[in-house]
Amino acid sequence: MTTPFLHVQAEQAVKADGAREASKASEADGINEALEVSETIKVNQANRTDFAGQAKPAKVNETRQMGEVDQVDQTVYHSKIWPGLKLYRKERHILLEAPEPMDSLGSAVYGGGMHSLQRFVNIYVDRFYHCEDPVRDTRNLLGEWGYPEQGTAGLLTAVQLKHAAVAEEQGADFGVLCCATAGVSNAARAGVPRTTFPASWTPGTINIMLVVDGRMTPAAMVNAVITATEAKAAALSDLGVRDAENGLTATGTTTDAVMLGVSQRAEWPLLHAYAGTATDLGGTIGRLVYDAVRESLAAAGGPK
């Protein structure tokens with residue numbers, strides 16, 4: 001059996017015809033076994049009214065999507081919240097590719113800042129990797145794999161990509177997907193004295209790729225990154241992750257990165273001006289980032 005690739009963590013309301021769903025899950029399990037895919041996937045399809053009513057939907061397993069293997073034998077995950085959005089697990093990277101360019105904001109070493117991007121690439125490098133020019137290295141790898149420099153962001157991580165986690169949820173005025181790779185070997189707490197350097201770069205330990213199918217203002221996009229960061233910190237706090245240097249609760253690691261992409265599709269009538277925790281959109285972003293970070297760490301055997 002192969003090692004898990006994507007652990008999709010989410011809440012889904014159980015349908016009345018549970019027997020039919022169980023049958024589908026059983027059939028999908030058979031497909032996965034034939035393809036030697038062993039991951040357990042829980043896909044969120046809870047709608048907005050489920051959360052508005054404060055009812056906690058039951059969880060169900062959905063294994064059909066990850067059973068698919070594309071023409072070059074790469075695992076592919078098809079998003080449910082944005083038709084055409086795909087995640088690929090390839091030999092040394094995870095590719096998140098949207099069907100059209102996205103307004104993007106983030107801290108990726110390559111393609112970070114504010115740009116129009118169509119794909120995010122989370123690239124694995126050895127934990128001993130050190131280079132004074134990670135931008136050059138990323139550009140070379142993207143060229144080797146045939147990805148255009150324009151429209152692509154590249155993140156580097158020393159976390160094994162088999163521990164990636166994905167969570168997605170469909171709301172009334174948006175859809176959100178989060179893919180995270182998480183490790184905490186260099187966990188750190190912000191806001192307290194600790195060892196720092198004038199300038200330093202090492203591979204990312206918690207990398208978050210976040211996509212919103214909806215319309216957002218630039219201010220709301222910044223708000224979404226804040227909310228995602230708060231959710232990451234909450235996940236580490238609840239897991240008891242500590243800053244090894246001072247023993248305090250960690251808020252992240254010393255090398256985290258996040259990329260946010262927004263579709264801005266005109267089909268969505270609502271323009272989101274906020275994405276804080278009091279909003280439907282911010283609440284969803286927080287839940288999914290929290291779940292994905294925890295699930296990725298759990299896939300790796302828990303915080304180390």
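Throughout, residue positions are numbered sequentially from 1 according to the sequence presented. Keep in mind that the numbers below use all heavy atoms, side chains included, and drop hydrogens, waters and symmetry copies.
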Evaluate the criterion side chain to side chain contact (heavy atoms under 4.5 Å, CB included) for residue pair Lys90 and Trp145; output intermediate values, then yes/no.
CA-CA 10 Å; Lys90 305 199 178 187; Trp145 296 325; over 6 Å; no
Do any N or O atoms from the side chain of Thr279 and from the backbone of Gly276 form a donor-acceptor pair under 3.5 angstrom?
yes
Does CD in Glu100 sit with more than 12 non-hydrogen atoms of other residues, nucleotides or ligands closer than 6.0 Å?
yes
CZ of Arg89 to CG of Asn122, rounded to nearest 0.5 Å, is 14.0 Å
Note, Ile208 side chain near Met259 side chain (heavy atom, < 4.5 Å)
no
Minimal non-hydrogen separation, Pro83 against Pro99, with atom names
O-CG, 3.8 Å
If you take all heavy atoms of Leu288 and Glu169, which pair is closest and at what distance?
CD1-N, 3.7 Å
Given 3.5 Å as the limit, does a donor-acceptor pair link the side chain of Ser296 with the main chain of Ala292, or not?
no
Check step by step if side chain to side chain donor-acceptor pair (under 3.5 Å) holds for Glu168 and Ser79.
CA-CA 8 Å; Glu168 62 176 339; Ser79 170; 2.8 Å; yes
Are Ile285 and Trp268 connected into the same hydrophobic cluster when the rule is that any two of I, L, V, M, F, W, Y join if their side-chain heavy atoms are below 4.5 Å apart?
no
Are Val289 and Val241 co-members of a hydrophobic cluster defined by side-chain heavy atoms under 4.5 Å apart?
yes
Can you find a pair of side-chain heavy atoms, one from Leu117 and one from Pro101, that are under 4.5 Å apart?
no
Got a second to check how far Ile94's CD1 is from Cys179's SG, nearest 0.5 Å?
4.5 Å
Kindly say whether Ala275 contributes a backbone atom to a donor-acceptor pair with the side chain of Thr227 at under 3.5 angstrom?
yes
Heavy-atom donor-acceptor pair, Thr251 side chain to Ala190 backbone, under 3.5 Å:
yes
Rounded to the nearest 0.5 angstrom, the CG-CD1 distance for Leu141 and Ile123 is 5.0 Å
Got a second to check how far Leu177's CG is from Thr284's OG1, nearest 0.5 Å?
12.5 Å
Close side-chain approach of Val121 and Leu96, heavy atoms under 4.5 Å:
no
pair Val262-Leu105: side-chain heavy atoms closer than 4.5 Å:
no
Separation of Glu295 CD from His163 NE2 (nearest 0.5 Å):
12.0 Å
Should Phe174 and Val258 be regarded as members of a common hydrophobic cluster, given that ILVMFWY residues are connected when their side-chain heavy atoms come within less than 4.5 Å of each other, either directly or indirectly?
yes
Looking only at heavy atoms, the pair that brings Asp243 and Ala188 closest together is OD2-CA, 3.3 Å
Kindly compute the distance separating OH (Tyr274) from CE (Met216), expressed to the nearest 0.5 Å.
12.5 Å
Between His93 and Tyr124 (judged by ring centroids, cut-off 6.0 Å), do the two rings come close enough to count as a pair?
no
Sidechain-backbone polar pair: Thr152 side chain, Pro148 backbone, donor-acceptor under 3.5 Å
yes
With heavy-atom distances below 4.5 Å as the criterion, would you say the side chains of Trp82 and Ser263 are in contact?
yes
Looking only at heavy atoms, what is the nearest atom pair of Leu161 and Thr157, with distance?
CD2-CG2, 3.8 Å
Do Asp103 and Met221 have side-chain heavy atoms sitting under 4.5 Å apart?
yes
Give the C-alpha distance, both sets of side-chain angles, the deciding distance and a yes or no for side chain to side chain donor-acceptor pair (under 3.5 Å) between Thr249 and Arg242.
CA-CA 5 Å; Thr249 300; Arg242 300 283 176 173; 3.3 Å; yes
Start with the C-alpha gap between Asn207 and Thr181, add the side-chain angles, then the distance that decides, and say whether side chain to side chain donor-acceptor pair (under 3.5 Å) holds.
CA-CA 5 Å; Asn207 281 352; Thr181 51; 4.5 Å; no
Any donor-acceptor pair under 3.5 Å from Asn140 side chain to Asp137 backbone
no
Thr205 side chain vs Gly183 backbone, donor-acceptor pair below 3.5 Å:
no
In this structure, would Val176 and Leu270 fall into the same cluster of hydrophobic residues linked by side-chain contacts under 4.5 Å?
no
For the student: nearest non-hydrogen atoms of Thr138 and Gly154, plus distance:
CG2-CA, 4.0 Å
Of Gln170, Arg265, Gln264, the residue whose pairing with Asp213 passes side chain to side chain donor-acceptor pair (under 3.5 Å)
Arg265
At their closest point, which heavy atom of Leu155 faces which heavy atom of Ala257, and how far apart are they?
CD2-CB, 4.0 Å
Grouping I, L, V, M, F, W and Y whenever their side-chain heavy atoms are under 4.5 Å apart, do Leu271 and Leu281 come out in a common cluster?
no
Measure the shortest side-chain to side-chain distance between Leu87 and Leu95 over non-hydrogen atoms and say whether it is less than 4.5 angstrom.
no
Donor-acceptor pair, distance only, cut-off 3.5 Å: does the side chain of Ser237 make one with the backbone of Ala235?
no
Tell me if a side-chain donor or acceptor on Glu97 pairs with a main-chain N or O of Lys86 at a distance below 3.5 Å.
no
Is there a side-chain contact between Met102 and Leu260 (heavy atoms, below 4.5 Å)?
no
